[in-house]
Amino acid sequence: MTSSLDSETEELLSLISYCSFAYTFTDPQESPSQQDLKRLKLIQLLSIIKTLIKPLDDQVLSPLFIMLSSNLFRPLPPPIHSVVSVLPDDDDLVSNPTPSWPHLQIVYDLFLRIVSRTSVESLRIYIDHAFLLSLLALFQSEDQRERDNLKNVFHRIYSKLTFYRPFMRKTMHDVFLHYVFETDQRHPGIGELLEIWGTIINGFSVPLKEEHKFFLNRVLVPLHKPKGMQVYHRQLAYCVSQFVQKEPELGEVVIRGILKYWPITNCQKEVLFIGELEELVETVDPQLYKELALPLCTKITKCLNSWNSQVAERALYVWNNEQFWKMASQAMEEVFPVLVEGMEKNLQGHWSKSVRQLTENVKGMLEALAPFLYSKCLLQLEIQEAGERIEEMRRKEIWEKIENAAM
């Protein structure tokens with residue numbers, strides 16, 4: 001039995017030693033047959049580890065982690081594609097495939113299997129802060145497949161090695177801040193890191209700690225700012241909504257932050273932001289409705305007046321939401337003049353027929369909600385427009401007098 005165990009260990013060590021050499025798949029001097037042989041050896045190694053009954057000892061783990069490091073921790077090629085403005089449901093995102101993926105795929109499977117079945121005490125010997133930082137740097141890989149596998153491994157380590165959680169949170173926190181404030185805003189792995197954070201936030205207990213609220217305010221909210229945020233908006237919106245569901249009063253911080261970072265010329269971002277605001281209104285503390293009604297309705301009205309029909313229609317559809325009506329009704333006197341002006345402006349001059357039709361529908365709902373107030377606001381609007389016309393005529397007369405005097 002002892003000799004059988006020794007032979008099994010020797011076979012493992014031999015396979016690990018062979019697989020420790022990393023092929024680049026870009027060097028013409030590398031032999032394709034040797035690359036294929038290494039792939040077969042990796043598959044064999046994975047198969048043996050899957051079938052092992054007893055846990056791996058230090059005699060095997062030490063060279064095994066050396067092998068993992070030599071294959072995974074490599075210089076990544078510089079990005080060849082800039083951030084493209086695409087909606088998150090676009091499946092044609094440009095990805096730069098990693099040439100060595102036939103090997104890396106098996107290495108990641110091995111890594112996940114090792115983390116899952118090795119004791120915490122043994123893992124602590126080989127996974128330290130430097131190892132975790134090297135793993136985190138790999139999220140800059142432009143290969144979507146690698147980032148997905150890396151996300152699973154990184155999250156498994158976070159779940160299992162609880163003593164590293166504060167450090168791992170801080171390092172991801174630093175990556176986000178560096179991306180928003182100190183780079184040219186090109187980091188392919190922001191979405192995957194936010195997915196990890198989504199599961200972390202889900203496990204936070206209530207009431208939330210101050211450090212977690214700080215993360216929401218100083219990291220998640222500013223992540224709405226970058227021009228390429230459409231790529232990771234779905235994951236970001238999920239993280240934010242998790243916070244607001246746990247403590248609804250945090251909705252005010254988030255909503256005011258989104259309004260602060262509202263895009264000026266990016267219509268795709270506007271559509272996403274409108275949808276996120278609509279979802280937040282459903283979960284925010286109703287006691288905040290009165291404070292948020294005017295800034296929110298002002299922004300939505302500005303959007304429904306947009307010459308981009310997608311933005312205008314999305315803003316008009318918001319008024320199908322019952323919670324939005326409840327919020328607006330908390331500050332009727334302040335909100336109605338803004339809404340009435342926006343409705344009349346669309347009906348008088350918007351180029352899109354569908355936008356005008358939707359505006360008619362919303363106008364009908366407003367009139368049904370408060371007919372007297374709507375008529376009052378409409379009258380005030382007419383008086384205001386008449387005053388503006390008189391002022392324009394007066395200004396024109398002054399300029400004519402100046403021109404005549406100059407002649």
Open item on the list: How close do Thr24 and Pro99 get, counting heavy atoms only, and between which atoms?
Closed with: O-CB, 4.0 Å

- [ ] Find out whether the Lys NZ or Arg CZ of Lys41 is both under 6.0 angstrom from the six-membered ring centre of Tyr18 and within 45° of the ring's axis.
- [x] yes

Open item on the list: Looking only at the side chains, is there a donor atom on one of Glu282 and Asn321 sitting less than 3.5 Å from an acceptor on the other?
Closed with: yes

- [ ] Nearest 0.5 Å please: distance from the CG atom of Leu72 over to the CG atom of Leu135.
- [x] 7.0 Å

Task: No-hydrogen, no-angle side-chain donor-acceptor test under 3.5 Å, Ser122 and Ser119 - done: yes

Open item on the list: Which heavy atom of Leu358 sits nearest to which heavy atom of Leu316, and what is that distance?
Closed with: CB-CD1, 3.6 Å

Task: Glu392 bridged to Arg395 by N-O distance under 4.0 Å - done: yes

TODO: Please confirm whether the backbone N or O of Trp101 pairs with a side-chain atom of Asp143, one donor and one acceptor, at under 3.5 Å?
DONE: no

TODO: Measure the spacing between CZ of Arg218 and CD of Glu211 and express it to the nearest 0.5 Å.
DONE: 14.5 Å

Open item on the list: Whether the side chain of Arg124 engages the backbone of Leu161 through a donor-acceptor N/O pair (distance < 3.5 Å, no angle test) should be reported.
Closed with: no

Open item on the list: How long is the straight-line distance from CG of Leu339 back to OG1 of Thr301, given to the nearest 0.5 Å?
Closed with: 4.5 Å

Open item on the list: Can you confirm whether Ile106 sits close enough to Leu45 that some side-chain heavy atom of one is under 4.5 Å from a side-chain heavy atom of the other?
Closed with: no

Open item on the list: Looking at every heavy atom in both Ser70 and Ala22, which two are closest together, and how far apart are they?
Closed with: O-CB, 3.6 Å

Open item on the list: Does either side chain, that of Glu249 or that of Gln287, offer a donor lying less than 3.5 Å from an acceptor on the other one?
Closed with: no

TODO: Take the angle between the ring planes of Tyr23 and His103 and call it parallel below 30°, perpendicular above 60°, tilted in between.
DONE: perpendicular

Open item on the list: Classify the ring geometry of Phe131 against Phe65: parallel below 30°, tilted from 30° to 60°, perpendicular beyond 60°.
Closed with: perpendicular

Open item on the list: Between Glu278 and Arg314, does the salt bridge (charged side-chain N to carboxylate O under 4.0 Å, His left out) criterion hold? Intermediate values first, please.
Closed with: CA-CA 10 Å; Glu278 184 178 359; Arg314 185 65 187 86; 2.8 Å; yes

TODO: State whether the side chain of Asp36 and the backbone N or O of Arg39 hold a donor-acceptor pair below 3.5 Å, judged by distance alone.
DONE: no

- [ ] Scan side-chain atoms only and decide if Glu313 and Ser354 contain a donor-acceptor pair under the 3.5 Å cut-off.
- [x] yes

- [ ] Taking the six-membered ring of Phe139 (Phe, Tyr or Trp), confirm whether the NZ or CZ of Arg147 is under 6.0 Å from its centre and within 45° of its axis.
- [x] no

Open item on the list: Treating Ser62 as the side-chain partner and Asp58 as the backbone partner, does any N or O pair qualify as donor plus acceptor under 3.5 Å?
Closed with: no

- [ ] Please confirm whether the backbone N or O of Val221 pairs with a side-chain atom of His224, one donor and one acceptor, at under 3.5 Å?
- [x] yes

TODO: Using only heavy-atom distances, determine whether the side chains of Tyr238 and Glu195 contain a donor-acceptor pair under 3.5 Å.
DONE: no

